[in-house]
Amino acid sequence: MGKNHPNVDSYVVSRVRALESLLIEKGILAPDAVDAVVRRYEQDTGPLLGARAVARAWSDPAYRERLLADGRAAVAEFGGEVDTLLVVKENTPEVHHMVVCTLCSCYPWPVLGLPPTWYKQPAYRSRAVIAPREVLREFGTEIAEQREVRVWDSSSEMRYMVLPMRPPGTEALSEEELVALVTRDSMIGVTEIPQPAAVR
Amino acid sequence: MGKNHPNVDSYVVSRVRALESLLIEKGILAPDAVDAVVRRYEQDTGPLLGARAVARAWSDPAYRERLLADGRAAVAEFGGEVDTLLVVKENTPEVHHMVVCTLCSCYPWPVLGLPPTWYKQPAYRSRAVIAPREVLREFGTEIAEQREVRVWDSSSEMRYMVLPMRPPGTEALSEEELVALVTRDSMIGVTEIPQPAAVR
Amino acid sequence: MNGVHDVGGMHGFGPVDWDEGPPSLDDWEAAVVAIQGATRRTGLINIDEFRHGIERMAPAHYLGSSYFEHWLDGIARVLVEKGAIDPAALDARTAFFAERPDGAARDALAAAPPATRPSVPHRGYVRPERAPPRFRAGDAVRARTTHPAGHTRLPRYARGRRGVIAAYHGVHVFPDTHAHGLGEQPQPLYSVRFEARELWGESAEPREAVYLDAWEPYLEPA
Amino acid sequence: MNGVHDVGGMHGFGPVDWDEGPPSLDDWEAAVVAIQGATRRTGLINIDEFRHGIERMAPAHYLGSSYFEHWLDGIARVLVEKGAIDPAALDARTAFFAERPDGAARDALAAAPPATRPSVPHRGYVRPERAPPRFRAGDAVRARTTHPAGHTRLPRYARGRRGVIAAYHGVHVFPDTHAHGLGEQPQPLYSVRFEARELWGESAEPREAVYLDAWEPYLEPA
């Protein structure tokens, strides 16, 4: 459980079951749909597709260009099912990007998996636009004062993902090794990817 | 009880007692202070002072001028203890005034007594400034389209009260009879005072 | 609507409750995700109706409940409004499961369920361009001062504020009508850059900009 | 602060729950009113500290609780912050009364209470005018675009909006400092008229204006 799953009222659980059974009865919900969701997000969860795209972009300049031009098409090269438009913003020494959805919690599920709880809560949604550096510091991320912070408020059906900067000292790593370095939070833009300990 | 007093959590009542006893112990709260509050607002509650000022203003043009110039001084003529500045706004056939406090629930307690529950709730506070005519209609008050609505958001330590229009057909009434016509809600500005049935 | 969901720029929610662990779904949450998918798949509830269903939660409930409770509440509201489910039946069945905390959905079914309805093909949100867009990258714009009671994707913090068109993204389904049964009425969509100083005045952090996706009716020339 | 208390212009709270009956106080509410009076009377908590104490309630708690619960929560917060009461003692005593639902406050006192502290004379909020006010009735002004994290009495709906000075009310204690232990720093106070159309754009009702009391630092010439 943990804090991702506060003790939910038993009323809520009963109501979900009730709605589920009513919708199965009406032919709206397939009887195996819940199992399919569990399978998908318990097994395929996580930011693997996003991490693959990032590692490839670091390794392959032509891919990087395709990713920045059309995120959906570039990610689909890995065979993933991406049913949203995807805009990828590249971090540079001059600009740091960060993604939020102030009005609800739009998130690039197809490339990053289930959103973390904090992403969906008012604390993050409210402050990311008015005090992003303060929020970043709470994630341990210090953005140099002369570096611009750009916050992307996901108000349309386009989804946003950050292409983080490749950490120094990773020139010798294979693409597969690079994938392992790429964290979900770095693709939301609340952290940067540190130089791996092994190459320090 | 009624809806003014939703079932409050027993924790709240215990906590009030706890704070009360701690503050008595420290000499901050007088042991009889709670009784004094009960006496004051159970017995002296209500908009009597405001109603007296309104009825006098209807009957005495010089008093009306004093009331509009300095509400506190004019109300103090009735011997009431008014510890706030009071601004009185006069309704006319051209202008209807209405009082709210969007940020908290500032209210002219000394002249109108305890605030009604609805005045303190977000439904009134949120909509009074953006949709006052719609709110007024919920109180059964229809303001003619060519009449201006002025909403007074009580953001400072000045308090606001409305001087409603004297209803027609009340020329023969005594000042004391007029007092009985003046409602709290008309001095908040959410209703107008109808012509009394007796004189229709 | 100026709802409690529109939290951009608010204070008072405390620090971010950062949790490094990978997210997972409880059983009831997985069911909510499946239900949401089914209502979308069958065309019963579109994305904007879904969002507006959530926005109309009682504000204290919205702030006091978790993300997937929002989904549940919003979906049930819209399904009832559309006549797709009977609220009394939902209540009765909720009571049924309250008595059976370990029950499964199928326990409430008297007979074998019917065949599941076919999916409505998902067309995405981009539509053909019928006229040239009003603005071009680099144009100065101002987000309109508007406070509609209905659904909108223009957050309050941007209203009346000046920005610059950063990019044009083609013509997209318009949420303000799509949420209200008024059709897709597709509109040009832009990425608009707002300087933090313009949004937050002296309270702004240095060197910050917010980018917002804004449909053409949200904007006027500045 | 852009807190949950700043509800002016919001949607979603439903119709006004009008209750014609005369208001009254439950026993615990009367005690809260007395406590508030005592903290003010003795100079422990000023009006702006009191308000800011309430504004910092957890937002879901604020919306989910009644008016006098707000007072209780705000007062206890400020008393603890000022070191006037020990939070552990407050918790312990809360537990004490939870066991004694019909208990009276004096039941918790080990000895006779001390003499009650004398009142601090109440000076009101108007202060001498030291310089001529910057604005005069009729002047066009704009409420500043500012989003301070601390206490302010300039509601969000007015920020950045143009108005006209309707009246000058002398020099008043400034809430934005007074709430934070930074002194009274008295400032000229004005009544400012804002046309509804300026505040709400096309969503405004016809022939409406909002009047707000605004301290001089909230305003700039327009």
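In what follows, every chain begins at residue 1, and chains take the letters A, B, ... in the order their sequences are listed.
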Q) Would a distance-only check, ignoring hydrogens and angles, find a side-chain to backbone donor-acceptor pair under 3.5 Å from D:E198 to D:R162? A) yes
Q. Cationic tip of C:R100 within the cone over C:F96's six-membered ring, i.e. under 6.0 Å and within 45° of the normal?
A. yes
Q: Using a cut-off of under 4.5 Å on heavy-atom pairs, state which of C:M10, C:E202, C:H5 scores highest against chain D.
A: C:M10
Q. So which of C:R156, C:H61, C:R144 has the biggest tally of heavy-atom pairs under 4.5 Å with chain D?
A. C:R156
Q) Below 4.0 angstrom, N of the basic side chain to O of the carboxylate: do D:E195 and D:R193 qualify? A) yes
Q) For C:Y62, is it the side chain, the backbone, both, or neither that has a heavy atom closer than 4.5 Å to a heavy atom of chain D? A) neither
Q | Other residues, nucleotides, ligands: >12 heavy atoms within 6.0 Å of C:D91 CG | A | yes
Q.
For C:R136, is there an ion pair with C:D139 - N to carboxylate O distance below 4.0 angstrom?
A. no
Q | Donor-acceptor under 3.5 Å (C:E49 side chain, C:V78 main chain) | A | no
(Q) Counting heavy-atom pairs closer than 4.5 Å to chain D, which one of C:G64, C:P59, C:G160, C:G9 comes out on top? (A) C:P59
Q) Quick one: of C:D6, C:V7, C:L199, who has the most non-hydrogen atom pairs under 4.5 Å with chain D? A) C:L199
**Q.** Contact class of C:E55 relative to chain D, heavy atoms under 4.5 angstrom
**A.** neither
Q) Under a 4.5 Å heavy-atom cutoff, which of C:T145, C:L63, C:V4 has the most pairs with chain D? A) C:T145
Q | Top of D:G201, D:P148, D:S203 for chain C proximity - count of heavy-atom pairs under 4.5 angstrom | A | D:S203
Q: May I ask you to check whether C:H147 and C:R159 show a side-chain donor-acceptor distance below 3.5 Å?
A: yes
Q. Of the listed residues (D:S65, D:G14, D:A149, D:A58), which shares the most heavy-atom pairs with chain C below a 4.5 Å separation?
A. D:A149
